[in-house]
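Here it is, the structure in full.
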Amino acid sequence: MKIYDSHKKEKVPFEPIIPNEVRLYVCGPTVYDDSHLGHARSAIVFDLLRRVLIENGYKVIFAKNFTDIDDKIINKATQNNCSIEEITQTYTKRYLDEMQALGVMRADIEPKATENLEAMFAMIQNLLDKKIAYQTPNGDVYLSVSKDREYGNLSGRIAELESQSRVQNSEQKHDSKDFALWKSYKGIGDVGYDSPFGKGRPGWHIECSAMIKEHLALKGDYAIDIHGGGTDLLFPHHENEACQTRCADNQVLAKYWIHNGFVTINGEKMAKSLGNSFFIKDALANYDGEILRFYLLSTHYRAGLNFSEEDLLASKKRLDRLYRLKKRLAILPKKTIPTSLDNAFKTAFLDALNDDLNISKALSVLDDFIANANEQLDSKQNDKIPQIYANLELVAKVLGIGIKDCFEYFKLGVSEDLKTEIENLLKKRAEFKKIKDFQNADKIREELRNKGIEIMDTPNGCIWEKI
């Protein structure tokens, strides 16, 4: 398996620290608002990576954190006149529900910042004891970037070090490039926790370093195998995380760094601050989660994805072909068929994904398989049916698509009221056919077609789908 390492800036062979085991950490959401499609894409990318690793035989220990204390959360709670906990619990649940709708597997470990303060205290104290961090007269604690000779090596964005001071500037900092480990309590309207450094709250960067050490890290040169997140996190967030772990524990935080590209709308990065966020909940109101997943999955993870409804509908047509194959199998006479995996398909499919998650090539392999399977069914090659079933099961397991009932898939977007009307009309049609009144039976077929519904008579009964 080869992956593109954001640190080395090249594709490299993947070799885990411990044979047959992978420790993977991905930065999760700051839970103060609904998540947008940028969050969805990142989650789906690393869900795919996890599934591919598992299919390659690795035991994967996957952690994704929740930042549940932050300026934005405090501001949201103040605006809504409610507690921090009400805000974070609401948006954490929404995020998890949306991820389930998108077919994203739950992380093995889901640490929250507020539940890991002691781990942060220990790391900050370690940095203070080593004189790598310092506390200002007002109680803030900063890491002295000048004490870390390797700072900037991860992102290679040394020229931007000065600009980060605009985010957290203070006249009491020794250097404008130093970043906050602990923010002292500022009084009414702020949130503070008791700590060895006085009342306050942690900086954003320290939580990931501390939680990785607490829940996932190994002893030795590297703490974990893979650290992932969106490209926007590479600097300064991941740069600062790597610095903290290196300085506190004399460890390289991650052996490999993986970052996914942005989702854009009209060429602009999707972000709440820009006012162009397309919330996941809005997308799910219009499109099934699996259709949305397939669309976001279909562009290589490192490339930017410019959201387009036209492209999404084209992507759905590609997914439709997979479900049409499932439907062809489903309407065959029922019998127990033991599956038998097509090793040639599995090899080609996984070889593509093992090449830095080359999804375009993997989907090309899938398209060829679907076309061949349809030809085999056309020519009555029933001995190939077990392989077709097995290949579809592999695709479902690795890509997380093709998991729905094929008949229900083609009914997506049909209201419950219309479903009831359709079923009633089909009952009437069955009665007409029973008495050989084919003229009225055909009228019902035409009536349904005018409603956007196509019907098909099969050995297993009449089935229908949305046109």
Side-chain angles (χ1 to χ4, degrees), residues 24-44 46-47 50 61-121 180 182-183 185-195 199-216 228-230 232-233 237 241 270-273 277-285 289 292-293:
L24 169 62
Y25 182 94
V26 174
C27 289
T30 300
V31 282
Y32 73 98
D33 202 351
D34 289 303
S35 297
H36 56 59
L37 289 181
H39 297 122
R41 189 185 188 202
S42 183
I44 289 168
F46 290 103
D47 184 63
R50 181 187 188 183
I61 306 171
F62 179 46
K64 181 190 288 186
N65 72 304
F66 288 96
T67 297
D68 60 349
I69 181 63
D70 180 88
D71 289 343
K72 293 172 183 175
I73 296 172
I74 295 169
N75 293 337
K76 186 87 171 201
T78 300
Q79 292 168 10
N80 288 273
N81 194 28
C82 64
S83 68
I84 295 288
E85 290 73 23
E86 286 178 88
I87 295 296
T88 58
Q89 289 172 11
T90 295
Y91 290 109
T92 297
K93 183 180 186 305
R94 285 191 193 178
Y95 177 83
L96 291 172
D97 288 345
E98 288 163 356
M99 292 304 105
Q100 183 176 10
L102 293 169
V104 175
M105 298 188 295
R106 285 282 296 262
D108 301 305
I109 306 167
E110 295 176 338
K112 296 178 180 178
T114 55
E115 296 173 356
N116 288 270
L117 292 171
E118 292 294 334
M120 296 180 217
F121 296 162
W182 187 256
K183 301 177 181 181
Y185 182 67
K186 302 300 188 290
I188 296 174
D190 198 3
V191 172
Y193 302 89
D194 292 330
S195 81
K199 190 174 183 179
R201 53 191 170 90
W204 176 35
H205 313 299
I206 193 66
E207 67 175 83
C208 289
S209 296
M211 290 191 288
I212 287 173
K213 182 177 181 179
E214 180 75 9
H215 298 283
L216 208 60
D232 55 329
L233 298 180
H237 185 49
E241 283 185 51
M270 183 179 292
K272 292 170 186 170
S273 60
S277 294
F278 191 171
F279 292 127
I280 299 172
K281 67 175 184 180
D282 297 328
L284 289 174
L292 196 58
R293 175 190 178 89

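These numbers come from the heavy atoms of this one structure, side chains and all, not from hydrogens, waters or symmetry mates. Numbers here are sequence positions counted from 1.
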One pair to check against side-chain contact (heavy atoms from CB on, under 4.5 Å): Leu37 and Leu292. What are the steps and the verdict?
CA-CA 10 Å; Leu37 289 181; Leu292 196 58; 4.1 Å; yes
Is the backbone N or O of Lys76 less than 3.5 Å from a side-chain atom of Asn80, with the two atoms forming a donor-acceptor pair by type?
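Yes, the answer is positive, given that a donor and an acceptor are paired below the 3.5 Å cut-off.
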What are the two closest heavy atoms between Cys208 and Tyr25, and how far apart are they?
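Scanning both residues, the minimum pair turns out to be SG-OH, 3.3 Å.
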Within 45° cone of Tyr185 ring axis and under 6.0 Å: Lys199 NZ or CZ
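Cation-pi check for Lys199 and Tyr185: passes.
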For a quick test of reading the model, state the closest non-hydrogen atom pair linking Tyr95 to Ser35 and the distance between them.
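Scanning both residues completely, I find the closest heavy atoms to be CD1-OG, 3.2 Å.
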List the steps and the verdict of side-chain contact (heavy atoms from CB on, under 4.5 Å) for Ile74 and Ile69.
CA-CA 7 Å; Ile74 295 169; Ile69 181 63; 4.3 Å; yes
Start with the C-alpha gap between Asp70 and Glu207, add the side-chain angles, then the distance that decides, and say whether side-chain contact (heavy atoms from CB on, under 4.5 Å) holds.
CA-CA 11 Å; Asp70 180 88; Glu207 67 175 83; over 6 Å; no
I need the minimum non-hydrogen distance between Ala77 and Ile84, along with the two atoms involved.
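Ala77 and Ile84 have their closest heavy atoms at CB-CD1, 4.0 Å.
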To the closest 0.5 Å, what do you measure between CD (Glu115) and CD (Glu214)?
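If I round to the nearest 0.5 Å, the distance is 11.5 Å.
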Presence of salt bridge, Lys281 and Asp34, under 4.0 angstrom
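A salt bridge is present here (some side-chain N lies under 4.0 Å from a carboxylate O).
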Residues in salt bridge (Lys or Arg N to Asp or Glu O under 4.0 Å) contact with Arg293, at least two apart in sequence or another chain
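For Arg293, the residues satisfying salt bridge (Lys or Arg N to Asp or Glu O under 4.0 Å) (neighbours in sequence not counted) are Asp47.
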Supply the atom-to-atom distance Leu233 CG to Glu241 CD, rounded to the nearest 0.5 angstrom.
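Between atom CG of Leu233 and atom CD of Glu241 there are 8.0 Å.
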Quick check for you: to the nearest 0.5 Å, what is the distance between Asp33 atom CG and Ile87 atom CD1?
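The distance works out to 9.0 Å.
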Tell me the closest heavy-atom pair linking Ala283 and Phe278, and the distance in Å.
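Nearest pair, atom of Ala283 first, then Phe278: N-CE2, 3.6 Å.
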When you check the gap from the basic side-chain N to the acidic O, do Arg201 and Asp190 get nearer than 4.0 Å?
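A salt bridge is present here (some side-chain N lies under 4.0 Å from a carboxylate O).
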Stepwise side-chain contact (heavy atoms from CB on, under 4.5 Å) test for Ile109 and Phe62:
CA-CA 6 Å; Ile109 306 167; Phe62 179 46; over 6 Å; no
If you look at every heavy atom in Met211 and Ala113, which pair is closest and at what distance?
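That would be SD-N, 4.2 Å.
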Out of Leu102, Asp97, Leu96, which residue meets the side-chain contact (heavy atoms from CB on, under 4.5 Å) rule with Met99?
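Of all the options given, the one that passes is Leu102.
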Distance, nearest 0.5 Å, that separates CH2 of Trp204 from NZ of Lys72:
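The CH2 atom of Trp204 sits 8.0 Å away from the NZ atom of Lys72.
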Pick one: which of Thr114, Thr92, Thr30 meets side-chain contact (heavy atoms from CB on, under 4.5 Å) with Phe66?
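The option that passes is Thr92.
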Heavy-atom side-chain contact between Val26 and Arg50 under 4.5 Å
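Heavy-atom side-chain distance check fails, nothing below 4.5 Å.
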Roughly how far, to the nearest 0.5 Å, is the CG atom of Asp68 from the OH atom of Tyr91?
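If we round to the nearest 0.5 Å, Tyr91:OH and Asp68:CG are 15.0 Å apart.
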Give a yes or no on this: more than 12 heavy atoms of other residues, nucleotides or ligands lie within 6.0 Å of atom NZ of Lys93.
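Counting other residues, nucleotides and ligands, NZ of Lys93 stays at 12 neighbours or fewer.
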Please name the residue in the list Asp108, Ile61, Asn116 that meets the side-chain contact (heavy atoms from CB on, under 4.5 Å) test with His215.
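Testing His215 for a side-chain contact (heavy atoms from CB on, under 4.5 Å) against Asp108, Ile61, Asn116 leaves exactly one candidate, Asn116.
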Drop me the distance from Lys64's NZ to Ser42's OG, to the nearest 0.5 angstrom.
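Those atoms lie 7.0 Å apart.
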Is a side-chain donor or acceptor of Asn65 paired with a backbone partner of Gly28 at a separation under 3.5 angstrom?
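Flag set: sc Asn65 to bb Gly28 pair under 3.5 Å.
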Minimum heavy-atom separation for His237 to His205, with atom names?
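Heavy atoms only, the tightest pair is ND1-ND1, 3.0 Å.
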Suppose we screen for salt bridge (Lys or Arg N to Asp or Glu O under 4.0 Å). Which residues come up paired with Glu86, at least two apart in sequence or across chains?
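Checked Glu86 against salt bridge (Lys or Arg N to Asp or Glu O under 4.0 Å); zero matches.
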